[in-house]
Amino acid sequence: PLACYRKAIDLDPKNARAHNSLGSVYRKQAKWDEAIACFQKAIELDPKSYTAYHNLGAALQDQKELAKAIAAYQKAIELNPRYANAYNGLGHALRENKKLPEAIAAYRKAIDLDPKNAGTHYNLGLALAKQGKLKEAIDAYRKAIELDPKKVKAHVDLGIALANQK
């Protein structure tokens with residue numbers, strides 16, 4: 001795909017979608033600077049691209065630039081308040097930044113928008129467990145497993161939460 005996106009950009013340097021897609025490939029390759037530059041270029045070309053802001057947030061989060069990641073996710077949400085992935089990403093960045101109540105609220109909003117996303121239920125469980133709310137965490141892990149029975153991490157963390165429950 002890298003060559004395809006580069007060719008698309010050669011043919012149409014103002015194609016924001018091609019820059020965004022190229023950035024996603026670089027992110028998968030852990031080429032953070034290149035990924036971030038592509039997402040920023042996509043945003044420059046299309047300032048209303050909520051997916052580019054979401055992807056920028058994810059790349060910044062990969063680099064542990066949590067404040068910048070949170071701001072990018074918030075911009076994605078501002079542009080499209082129904083984009084569940086941005087709330088999930090925001091929750092993840094907030095959780096990493098130890099802002100658990102805000103992370104939980106973001107995950108719950110993501111679940112409201114996309115209730116069948118097993119990963120978001122799992123992430124909610126992680127945040128709840130970190131807050132010591134094991135019963136709620138167990139419920140979230142169970143929902144994640146119901147939606148995706150092969151989600152190994154959810155099974156493991158469910159077991160840990162059950163073992164730690166008093």
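What you see is a predicted model, and the numbers here were worked out from it, not measured in a lab.
- With salt bridges taken as basic N to acidic carboxylate O contacts below 4.0 Å, none links Arg95 and Glu102.
- Summarising the geometry of Pro13 relative to Leu45, their closest heavy-atom pair is O-CD1, 3.6 Å, with the distance given to 0.1 Å.
- Between Arg6 and Asp10 there is no salt bridge, since no side-chain N of the basic residue sits under 4.0 Å from a carboxylate O of the acidic one.
- In terms of the ring-ring contact (aromatic ring centres under 6.0 Å, His included) criterion, His121 has no residue partners (sequence neighbours excluded).
- Within the structure, the ring-ring contact (aromatic ring centres under 6.0 Å, His included) test picks out the following pairs touching residues 127-157 (sequence neighbours left out): Tyr122-Tyr141.
- Scanning all heavy atoms of the two residues, the minimum distance from Ala52 to Ala42 falls at CB-CB, 4.0 Å.
- Rounding to the nearest 0.5 Å gives a distance of 12.5 Å between NZ of Lys48 and CG of Asn80.
- Looking only at atom types and distance, the side chain of Asn20 has a donor-acceptor partner in the side chain of Asn55 under 3.5 Å away.
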- prompt: Would Asn15 and Ile9 count as a side chain to side chain contact (heavy atoms under 4.5 Å, CB included) if you check the C-alpha gap in whole Å, the side-chain angles of each, and the deciding distance to 0.1 Å?
  reply: CA-CA 7 Å; Asn15 187 311; Ile9 290 168; 5.8 Å; no
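- Scanning all heavy atoms of the two residues, the minimum distance from Ala106 to Leu94 falls at CB-CD1, 4.4 Å.
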- request: List the steps, then state whether side chain to side chain contact (heavy atoms under 4.5 Å, CB included) holds for Asn164 with Leu134.
  value: CA-CA 8 Å; Asn164 289 328; Leu134 291 182; 3.8 Å; yes
- request: Report the C-alpha separation of Val156 and Lys153 in whole Å, then their side-chain angles, then the decisive distance to 0.1 Å, and conclude whether the side chain to side chain contact (heavy atoms under 4.5 Å, CB included) test is met.
  value: CA-CA 5 Å; Val156 171; Lys153 294 188 288 186; 5.6 Å; no
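- We find the CG-CZ distance between Asp12 and Arg17 to be 11.5 Å, quoted to the nearest 0.5 Å.
- Within the structure, ring-ring contact (aromatic ring centres under 6.0 Å, His included) pairs that include any residue of residues 62-108 comprise Tyr50-Tyr83, His54-Tyr73, His54-Tyr83 (at least two apart or interchain).
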- request: Go through the steps to decide whether Tyr26 and Leu2 satisfy the test side chain to side chain contact (heavy atoms under 4.5 Å, CB included), and finish with yes or no.
  value: CA-CA 8 Å; Tyr26 283 137; Leu2 197 63; 3.9 Å; yes
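- Here the CG-NZ distance, from Leu90 to Lys99, works out to 10.0 Å after rounding to the nearest 0.5 Å.
- Between Lys64 and Glu96 there is a side-chain heavy-atom pair separated by less than 4.5 Å.
- Applying the side chain to side chain contact (heavy atoms under 4.5 Å, CB included) criterion to Glu65, with sequence neighbours excluded, gives Leu60, Gln63, Lys68.
- In terms of heavy atoms, Gly91 sits closest to Ala103 at O-CB, 3.3 Å.
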Verdict with reasoning, Glu136 to Arg108, per salt bridge (charged side-chain N to carboxylate O under 4.0 Å, His left out): CA-CA 12 Å; Glu136 290 180 65; Arg108 289 194 195 282; 2.9 Å; yes
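- Of all heavy-atom pairs between Ile77 and Ala86, the closest is CG1-CB, 3.6 Å.
- Listed by chain and number, the residues in a ring-ring contact (aromatic ring centres under 6.0 Å, His included) with Tyr5 amount to none (sequence neighbours excluded).
- For the pair Ala110 and Asn88, the tightest heavy-atom approach, listed with the atom from each and the gap, is CB-N, 3.8 Å.
- For the atom pair CZ (Arg27) and SG (Cys38), the distance works out to 13.5 Å, reported to the nearest 0.5 Å.
- Side chain of Asn97 to main chain of Ala93: no donor-acceptor pair is present (N/O by atom type, distance under 3.5 Å, no hydrogens or angles).
- With rounding to the nearest 0.5 Å, the separation of CG in Leu66 from NZ in Lys98 is 9.0 Å.
- For Glu34, the salt bridge (charged side-chain N to carboxylate O under 4.0 Å, His left out) test picks out no residue, with sequence neighbours left out.
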